[in-house]
Amino acid sequence: MYVIIIILIVVLLIAAIFINAMQQHRQKQEAERRAELAKQRTIVDETENVIAASVNMPVSSRLMGILHNRILNSLKTMNELASTAELKQRISSTEQAAATALSDNSPASTEFALPDNDKVIIQYIQAVKKLRVIIRAEHSKGQIDSKVFLDEDKHLEKLQLKVNVETLVKRGRAALQTNMLGSARQYFEKAKAALENQTPQDEYSSSRLATIKEWLYEIQSNLKSVNEKDRAKKQAEERDELDELFAPKKKW
């Protein structure tokens with residue numbers, strides 16, 4: 001009798017341990033599922049924000065297709081983890097958006113206009129940097145081939161350079177208008193250095209570099225002229241002081 005009771009107790013203990021282990025395993029799986037859902041939702045939100053910020057940028061349709069595919073992959077993963085009618089609808093619409101964008105083989109526009117507002121310029125630069133991070137991540141996951149990655153990244157690199165240089169030029173020109181030659185020279189020197197670091201040079205960088213060098217030459221000439229005038233004025237003042245010092249004393 002005692003043996004049977006002991007056996008029952010042992011069986012109950014084993015069953016309790018097993019049930020507890022199963023519950024912990026399910027809780028762990030549920031936590032992992034929620035974490036994965038949150039991760040994929042973040043990817044979708046992040047990519048949609050970048051697409052919205054890229055609307056007025058000279059980027060290719062192919063790049064837009066890559067972004068839509070990124071969203072599509074995340075939506076499919078979310079649907080596997082927690083399928084809903086809304087997710088299925090979004091998957092369908094995103095598939096169409098990706099296919100439409102990828103079917104357009106036209107190159108990215110070369111037209112570029114710097115936003116007027118500094119806040120928008122900052123958002124523009126952040127969006128370009130984010131785009132570069134995203135396509136690098138998609139390339140590392142094997143979602144895009146190396147040639148596509150290199151082409152798109154090179155285009156974004158040039159776009160980032162244009163935003164940087166044109167922002168410096170804008171500030172340099174503003175400094176010139178207020179006759180702040182030293183500040184203007186600093187802005188133009190930075191723009192010049194950024195352009196000279198680009199390899200190989202293209203039509204934009206060569207043309208802009210030539211213009212900036214002309215501006216720097218004019219500033220240098222103006223600063224030299226101002227310095228000469230200051231020096232001449234100082235020498236004239238010193239002569240006046242000497243003349244006064246050695247002038248014949250007046251008789252009272």
Side-chain angles (χ1 to χ4, degrees), residues 36-81 87-115 120-167 191 194-209:
E36 185 63 22
L37 274 172
K39 175 186 171 185
Q40 298 303 326
R41 194 175 292 115
T42 299
I43 292 174
V44 171
D45 292 344
E46 174 190 69
T47 313
E48 286 179 339
N49 288 337
V50 173
I51 289 176
S54 306
V55 169
N56 296 319
M57 288 182 183
V59 296
S60 68
S61 291
R62 181 174 62 183
L63 181 56
M64 288 295 104
I66 291 170
L67 296 176
H68 285 299
N69 262 339
R70 188 173 193 244
I71 293 175
L72 180 61
N73 290 333
S74 289
L75 290 175
K76 286 180 176 178
T77 302
M78 291 171 67
N79 193 52
E80 290 172 0
L81 295 170
L87 273 175
K88 290 178 180 175
Q89 178 60 37
R90 290 188 67 183
I91 287 172
S92 176
S93 60
T94 307
E95 280 177 338
Q96 291 178 2
T100 302
L102 291 171
S103 65
D104 184 354
N105 296 320
S106 57
S109 171
T110 56
E111 294 183 5
F112 170 77
L114 186 70
V120 180
I121 290 174
I122 293 171
Q123 293 172 346
Y124 197 111
I125 294 172
Q126 289 174 337
V128 173
K129 289 182 177 178
K130 194 66 187 176
L131 278 169
R132 296 188 72 184
V133 170
I134 287 176
I135 63 170
R136 190 174 297 114
E138 292 302 289
H139 176 247
S140 66
K141 289 189 291 186
Q143 296 295 331
I144 54 177
D145 65 40
S146 295
K147 185 178 184 311
V148 171
F149 165 68
L150 291 173
D151 289 347
E152 294 295 343
D153 188 60
K154 192 65 182 175
H155 178 74
L156 290 172
E157 182 185 13
K158 290 181 179 180
L159 183 56
Q160 190 173 334
L161 175 71
K162 280 185 182 179
V163 179
N164 182 27
V165 168
E166 294 307 319
T167 301
L195 289 167
E196 287 176 337
N197 285 334
Q198 190 200 8
T199 53
Q201 295 284 309
D202 60 11
E203 184 179 349
Y204 165 78
S205 58
S206 300
S207 171
R208 216 45 170 149
L209 194 55

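As the structure is a prediction and not an experimental result, all values here were calculated from the model.
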Task: Under 3.5 Å: donor-acceptor pair, side chain of Asn73, backbone of Asn69 - done: yes
Open item on the list: With a 4.5 Å cut-off on side-chain heavy atoms, are Lys129 and Gln126 touching?
Closed with: no
Task: Ala127 versus Ala53, closest heavy-atom pair with distance - done: CB-CB, 3.8 Å
Open item on the list: Which heavy atom of Leu161 sits nearest to which heavy atom of Ala194, and what is that distance?
Closed with: CD1-O, 3.6 Å
Open item on the list: Looking at Lys147, I want to see if its NZ is surrounded by more than 12 non-hydrogen atoms of other residues, nucleotides or ligands under 6.0 Å.
Closed with: no
Open item on the list: Once rounded to the nearest 0.5 Å, what's the spacing between atom CZ of Arg70 and atom CD of Glu138?
Closed with: 5.0 Å
Open item on the list: Just verifying a value: how many Å separate Ile144 CD1 and Ile135 CD1, rounded to the nearest 0.5 Å?
Closed with: 5.5 Å
Open item on the list: If the condition is side chain to side chain contact (heavy atoms under 4.5 Å, CB included), which residues does Glu36 pass it with, not counting sequence neighbours?
Closed with: Lys39, Gln40, Thr77, Leu81
- [ ] Could you name each residue pair satisfying side-chain hydrogen bond (donor to acceptor under 3.5 Å, both in side chains) that touches residues 49-60, not counting sequence neighbours?
- [x] Ser60-Glu152
Task: Ser206 side chain vs Asp202 backbone, donor-acceptor pair below 3.5 Å - done: yes
- [ ] Kindly compute the distance separating OG1 (Thr167) from CD1 (Ile121), expressed to the nearest 0.5 Å.
- [x] 4.5 Å
Task: Qualifying residues under ring-ring contact (aromatic ring centres under 6.0 Å, His included), relative to Phe149, sequence neighbours excluded - done: His139
Open item on the list: side-chain contact (heavy atoms from CB on, under 4.5 Å) for Leu131 and Leu159? Distances and angles first, verdict last.
Closed with: CA-CA 11 Å; Leu131 278 169; Leu159 183 56; over 6 Å; no
Open item on the list: I'd like to know if the side chain of Ser205 reaches the main chain of Gln201, judged simply by a donor and an acceptor atom lying under 3.5 Å from each other, with no hydrogens or angles considered.
Closed with: no
TODO: Say whether, by atom type as modelled, one donor and one acceptor occur between the side chain of Thr94 and the main chain of Ile91 under 3.5 angstrom.
DONE: no
Open item on the list: Measuring from atom CG of Leu63 to atom CG of Asp151, what distance do you get when rounded to the nearest 0.5 angstrom?
Closed with: 11.5 Å
TODO: First locate atom OG of Ser93, then atom NE2 of His68, and finally report the distance between them rounded to the nearest 0.5 Å.
DONE: 9.5 Å
TODO: Side-chain contact test, heavy atoms from C-beta onward, threshold under 4.5 Å: evaluate it for Asp45 versus Glu48 and give yes or no.
DONE: yes
TODO: Over all heavy atoms of both residues, which pair between Val44 and Met78 is shortest? Give the atoms and the distance, please.
DONE: CG2-SD, 4.3 Å
- [ ] Nearest 0.5 Å please: distance from the CZ atom of Arg62 over to the OG atom of Ser103.
- [x] 13.5 Å
Task: Side-chain heavy-atom pair Val148, Ile66 within 4.5 angstrom cut-off - done: yes
Task: Gln198-Tyr204 side chain donor-acceptor pair, cut-off 3.5 Å - done: no
- [ ] With side-chain contact (heavy atoms from CB on, under 4.5 Å) as the test, would you mind laying out the steps for Arg208 and Lys162 before giving the verdict?
- [x] CA-CA 10 Å; Arg208 216 45 170 149; Lys162 280 185 182 179; over 6 Å; no
Open item on the list: Is there a side-chain contact (heavy atoms from CB on, under 4.5 Å) between Phe112 and Glu166? Walk through the geometry before answering.
Closed with: CA-CA 10 Å; Phe112 170 77; Glu166 294 307 319; 3.7 Å; yes
TODO: Would you please say whether a donor-acceptor pair under 3.5 Å links the side chains of Glu46 and Thr42?
DONE: no
TODO: Check the pair Lys158, His155 against side-chain contact (heavy atoms from CB on, under 4.5 Å), reporting the backbone distance first and the verdict last.
DONE: CA-CA 5 Å; Lys158 290 181 179 180; His155 178 74; 5.7 Å; no
- [ ] Taking all heavy atoms of Leu67 and all of Thr47, pick out the closest pair and write down the distance.
- [x] O-CG2, 3.4 Å
